Amino acid sequence: MWPGMGRDRLTRGLVLRLCLLLTSLCVCVHIYLELGSRRGAPSHLILGCPTQTSQVLPDKGARTRGTKDPLEPNFGTEDRAIKRMVSYIRTLKNDSVAGKTGGGDNPSTCCPPLRPKRKSPRWHIELEPWASDSHSLEEEARRFLHYITIPQMSCAPPSREGPLVLEGQEGPKGPWAVCLDRRYSLAQRIHTKHCRVYSLGLGVEDKTLERSLARVGCEVHCFDPSLKQAHLQESDMWLHRLSVDWRDPNPAIPAQRQHGNTKKLATILNDFGHRQVDVLKVDMESAEWKILENLVLEGVLSSVGQLLLEVHLHWAGFEVGGDDPSVVRYWFSLLKELERAHFRLFRYHNDPAKPRLFLHRNFLNASSTYTLGWINNEWKT
C-alpha cells in the first residue's frame, strides 16, 4: 500500500502544478490581449471622439437622407453598443493610456461636447463708467437722452405688396411699430405664418399692433393680470391672466388671490414650450427696468427677435435705488447690455402729450415716456 500512496501523492502534485501553470498562462494571455486591443483600438474610441461614421454625436447640418438619428428609439443595437463603448472609454481620458494615445494633444479639444455649455448665471449687470468725473446728474442725463434718441440702424419701409404692411405703420406717428425690413427674419416669418408675439402689459395699453400682427397670421399672446379667466381667446389673440415680473413668487408664501399670479418671462416660455419670440412688447408702467435686468441676467434676450420697450423716466422705477445720477447711470448700463446682446436701436418715439418730467423735475425738456424699438442683429434672413 505504501508505494500506491506515493504514486497518488505524486499524481496530485503534478495536477496541482499543471493547474497553476494553466491559470498563470490564462492570466498572461488575458493581459496581453487587453493591452493589445487598447493599443490597436482607433484613437477616436480611446479618446471618446467618434468619427462621422460612428454616428454617436449627430450633426444636424451633416445629416443625409436615410441616415438614422442615434437619439431615435429605432436606432440599431450595434450603434447603441458603439455609443455605450464610447461613453465608457470617455471616462478614461485622464488615464495614462488615453493620454499617451493622443500624441501629446489635449484629448478634451478633439471634438465638441455632447451639449453646448450653458452660460453661468449672472448676478448683476455691468455698470458703465460715469459720464464725467463729477458724477453729475446733468452729464448722466445728457448721455442717456442722447443714446435713446439716436437710432443705431435704419429700417427699410415694408413693401405694400402682400400682408407685410400692418395697420398703423403707414406713418411714423404711432408709438408702437415693428421693423419689417426684409433683411431681417420677421417679414419672412410673417409670410410663412410662423411668427410669435408676446405683449406684456397691464390691460390699459393700446392693442392695435397686436391685432394687426394677429390678422396677418402671427401667434399673439397678451399677458394681463386683470383678466377674470386664466386663459381665453379673443380676436385671434390669446389672453393670459399673468403678470410678468422679474422674479417668480415665493413657493413658501401661498397666493392670497388667483389674480395675483406673477412669473418671470423665462418661466412662462418654459411653461408654454416656446423657444423664441419674434416680437416682445413691454409696457409695464415703470416695472420695465427690473424686468429688463432679469432678461439680461438670465440670457432670455437671445430668444427675442425684436424688443419694443416703453421706458418711464419720471421716477427711478420699482425697486431701483440710489441717488439720481446713479439711477440714470443704471438705466444707461441696462440699455448698453442690450447692445452687448446684439440689439440695435432702430426707432424711438417721444409722445408730446406726456408730461415733461425727468426724475420728478423738468430737466433738459425731456419727456417722461419714450418708446424704443430694438432689433436683434443676429436674427437675419
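Bear in mind the structure is a predicted one, so any value in this text is a computation, not a measurement.
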S.K.: Report the distance from atom NZ of K336 to atom CZ of R340, rounding to the nearest 0.5 Å.
M.R.: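 Taking NZ in K336 and CZ in R340, the distance rounds to 7.0 Å.
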S.K.: Looking at F346 and L308, what are the two nearest heavy atoms and their distance?
M.R.: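 The answer is CZ-CD2, 4.3 Å.
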S.K.: Salt bridge check, R143 against E139: does any charged N sit closer than 4.0 Å to a carboxylate O?
M.R.: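 No salt bridge links E139 with R143.
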S.K.: Assess the side chains of Q152 and Y147: does a donor N or O sit below 3.5 Å from an acceptor N or O?
M.R.: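 Yes.
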S.K.: Could you tell me which non-hydrogen atom of L364 sits nearest to which non-hydrogen atom of A141, and how far apart they are?
M.R.: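 That closest heavy-atom pairing would be CD1-CB, 4.0 Å.
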S.K.: Is any side-chain heavy atom of Q306 closer than 4.5 Å to a side-chain heavy atom of L186?
M.R.: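 They are in side-chain contact.
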S.K.: Looking only at the side chains, is there a donor atom on one of S367 and N350 sitting less than 3.5 Å from an acceptor on the other?
M.R.: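 Indeed, the side chains of S367 and N350 share at least one donor-acceptor pair under 3.5 Å.
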S.K.: Using every non-hydrogen atom in the two residues, find where M284 and G201 come nearest and quote the distance to one decimal.
M.R.: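 What the structure gives for the nearest pair is SD-N, 3.7 Å.
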S.K.: Give a yes or no on whether the backbone of L20 and the side-chain of S24 come within a donor-acceptor separation of less than 3.5 Å.
M.R.: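 A pair under 3.5 Å: yes.
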S.K.: Which value, rounded to the nearest 0.5 Å, describes the distance between L127 atom CG and S333 atom OG?
M.R.: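 Going from CG on L127 over to OG on S333, the span is 4.5 Å.
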S.K.: Taking T262 for its side chain and S243 for its backbone only, find out whether a donor-acceptor pair lies under 3.5 Å.
M.R.: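 Flag not set: sc T262 to bb S243 has no pair under 3.5 Å.
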S.K.: Is there a side-chain contact between V277 and V197 (heavy atoms, below 4.5 Å)?
M.R.: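 No, their side chains stay 4.5 Å or more apart.
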S.K.: Do the side chain of K193 and the main chain of E219 share a donor and acceptor less than 3.5 angstrom apart?
M.R.: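 Here the side-chain-to-backbone pair does not exist.
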S.K.: For a quick check under 3.5 Å, do S286 and W315 share a side-chain donor-acceptor pair by atom type?
M.R.: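 Yes - a donor-acceptor pair under 3.5 Å links their side chains.
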S.K.: Pair E128, R329 - check salt bridge (Lys or Arg N to Asp or Glu O under 4.0 Å), show working.
M.R.: CA-CA 7 Å; E128 293 293 315; R329 182 192 180 198; over 6 Å; no
S.K.: Do L301 and F343 have side chains that get closer than 4.5 Å, going by heavy atoms?
M.R.: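 With C-beta onward as the side chain, the pair touches.
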S.K.: Atom NZ of K380 and atom OH of Y184: how far apart are they, to the nearest 0.5 Å?
M.R.: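 If we round to the nearest 0.5 Å, K380:NZ and Y184:OH are 5.0 Å apart.
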S.K.: Would you say that T371 contacts W176 through its side chain, given a criterion of any heavy-atom pair below 4.5 Å between the two side chains?
M.R.: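 Counting from C-beta outward, T371 and W176 do come under 4.5 Å.
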S.K.: Quick check on F363: does its CZ atom have over 12 non-hydrogen neighbours (other residues, nucleotides or ligands) under 6.0 Å away?
M.R.: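 Yes, because the 6.0 Å sphere around CZ of F363 holds more than 12 heavy atoms from other groups.
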S.K.: So, for I148 and Y348, which heavy atoms are closest and what is the spacing to 0.1 Å?
M.R.: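 For I148 versus Y348, the nearest heavy atoms are O-CB, 3.3 Å.
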S.K.: Donor-acceptor pair, distance only, cut-off 3.5 Å: does the side chain of D278 make one with the backbone of R196?
M.R.: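 Yes.
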S.K.: Are side-chain heavy atoms of C195 and L213 found at a separation under 4.5 Å?
M.R.: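 The answer is no, as the side chains (C-beta and beyond) never meet within the 4.5 Å cut-off.
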S.K.: Does a side-chain N-to-carboxylate-O contact under 4.0 Å join K281 and E210?
M.R.: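 Answer for the salt bridge query: yes.
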S.K.: Same cluster for L313 and V320 if Ile/Leu/Val/Met/Phe/Trp/Tyr side chains link at under 4.5 Å?
M.R.: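 Linked, L313 and V320 end up in one cluster.
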S.K.: To the nearest 0.5 Å, what is the distance between CG on L239 and CZ on R241?
M.R.: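 Those atoms lie 12.5 Å apart.
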S.K.: Below 30° counts as parallel, above 60° as perpendicular, anything between as tilted: where do the rings of W238 and H240 land?
M.R.: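 The arrangement is parallel - the two ring planes meet at less than 30°.
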S.K.: Taking all non-hydrogen atoms of both residues into account, name the closest pair between L242 and I268 and its distance.
M.R.: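 Smallest heavy-atom distance, with atoms named: CD1-CD1, 4.1 Å.
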S.K.: Of the options D271, N270, D245, which is the one that meets K263 in a side-chain hydrogen bond (donor to acceptor under 3.5 Å, both in side chains)?
M.R.: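 Single side-chain hydrogen bond (donor to acceptor under 3.5 Å, both in side chains) partner of K263 among D271, N270, D245: D271.
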S.K.: Hey, can you tell me if H274 and F272 have their rings parallel, tilted or perpendicular (30° and 60° cut-offs)?
M.R.: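 Rings of H274 and F272: perpendicular, over 60°.
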S.K.: Could you tell me whether a side-chain N or O of N376 sits under 3.5 Å from a main-chain N or O of V304, the two making a donor and an acceptor?
M.R.: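 Yes.
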S.K.: Should F318 and L295 be counted in the same cluster of Ile, Leu, Val, Met, Phe, Trp and Tyr side chains packed under 4.5 Å apart?
M.R.: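 Same cluster: F318 reaches L295 through Ile, Leu, Val, Met, Phe, Trp or Tyr contacts under 4.5 Å.
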S.K.: Can you list the steps and then say if H314 with H360 is a side chain to side chain donor-acceptor pair (under 3.5 Å)?
M.R.: CA-CA 5 Å; H314 60 285; H360 304 288; over 6 Å; no
S.K.: Looking at every non-hydrogen atom in both residues, tell me the closest pair between A366 and F358 and how far apart they are.
M.R.: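 Nearest heavy atoms, A366 then F358: CB-CD1, 4.0 Å.
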S.K.: Quick one: do R183 and M153 satisfy side-chain contact (heavy atoms from CB on, under 4.5 Å)? Show the steps, please.
M.R.: CA-CA 12 Å; R183 294 174 297 174; M153 57 160 290; 4.3 Å; yes
S.K.: Check the hydrophobic clustering (I, L, V, M, F, W, Y; side-chain heavy atoms under 4.5 Å; chains of links allowed) and say if W379 and V300 are grouped together.
M.R.: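 No, no single cluster joins them.
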S.K.: Do F144 and W331 make the cut of ring centroids closer than 6.0 angstrom?
M.R.: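 Here the rings of W331 and F144 have centres that are less than 6.0 Å from each other.
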S.K.: Answer yes or no: is there a side-chain heavy-atom contact under 4.5 Å between E310 and T369?
M.R.: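 The answer is yes; the side chains approach within 4.5 Å.
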S.K.: Apply side-chain contact (heavy atoms from CB on, under 4.5 Å) to Y330 and I125, showing your working.
M.R.: CA-CA 9 Å; Y330 167 75; I125 66 169; 3.8 Å; yes
S.K.: Flag yes if W130 and L334 sit in one hydrophobic cluster, no otherwise; membership is Ile, Leu, Val, Met, Phe, Trp, Tyr, and two members link when side-chain heavy atoms are under 4.5 Å apart.
M.R.: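 W130 and L334: separate clusters.
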S.K.: Do the side chain of R356 and the main chain of S368 share a donor and acceptor less than 3.5 angstrom apart?
M.R.: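 Judged by distance alone, no pair lies under 3.5 Å.
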S.K.: Just do the side-chain contact (heavy atoms from CB on, under 4.5 Å) check on L307 and L338 with the steps written out, would you?
M.R.: CA-CA 10 Å; L307 173 64; L338 280 177; 3.8 Å; yes
S.K.: With distance as the sole test, does E288 use its side chain to make a donor-acceptor pair with the main-chain N or O of D283 at under 3.5 Å?
M.R.: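 No, E288 side chain to D283 backbone: no donor-acceptor pair under 3.5 Å.
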S.K.: Nearest 0.5 angstrom please: C155 SG to L180 CG, how far?
M.R.: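 These two atoms lie 6.5 Å from each other.
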S.K.: Under the 3.5 angstrom rule, does the side chain of R189 hit a backbone N or O of H194 as a donor-acceptor pair?
M.R.: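 Answer holds: yes.
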S.K.: May I ask you to test the Y370-T149 pair for a side-chain heavy-atom distance under 4.5 Å?
M.R.: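 Y370 vs T149: side chains touch.
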S.K.: Check step by step if side-chain contact (heavy atoms from CB on, under 4.5 Å) holds for C222 and K207.
M.R.: CA-CA 9 Å; C222 300; K207 289 287 195 304; 3.8 Å; yes
S.K.: What I'd like to find out is whether the side chain of W289 reaches to under 4.5 Å of the side chain of E319, using heavy atoms alone.
M.R.: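 Result no, sub-4.5 Å side-chain heavy-atom pair not found.
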S.K.: What distance separates L25 CG from T23 OG1, expressed to the nearest 0.5 Å?
M.R.: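 One gets 9.5 Å once the value is rounded to the nearest 0.5 Å.
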S.K.: Against V328, only a single residue in L359, L145, D323 fulfils side chain to side chain contact (heavy atoms under 4.5 Å, CB included); can you say which?
M.R.: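 Exactly one option meets the side chain to side chain contact (heavy atoms under 4.5 Å, CB included) with V328, and it is L359.
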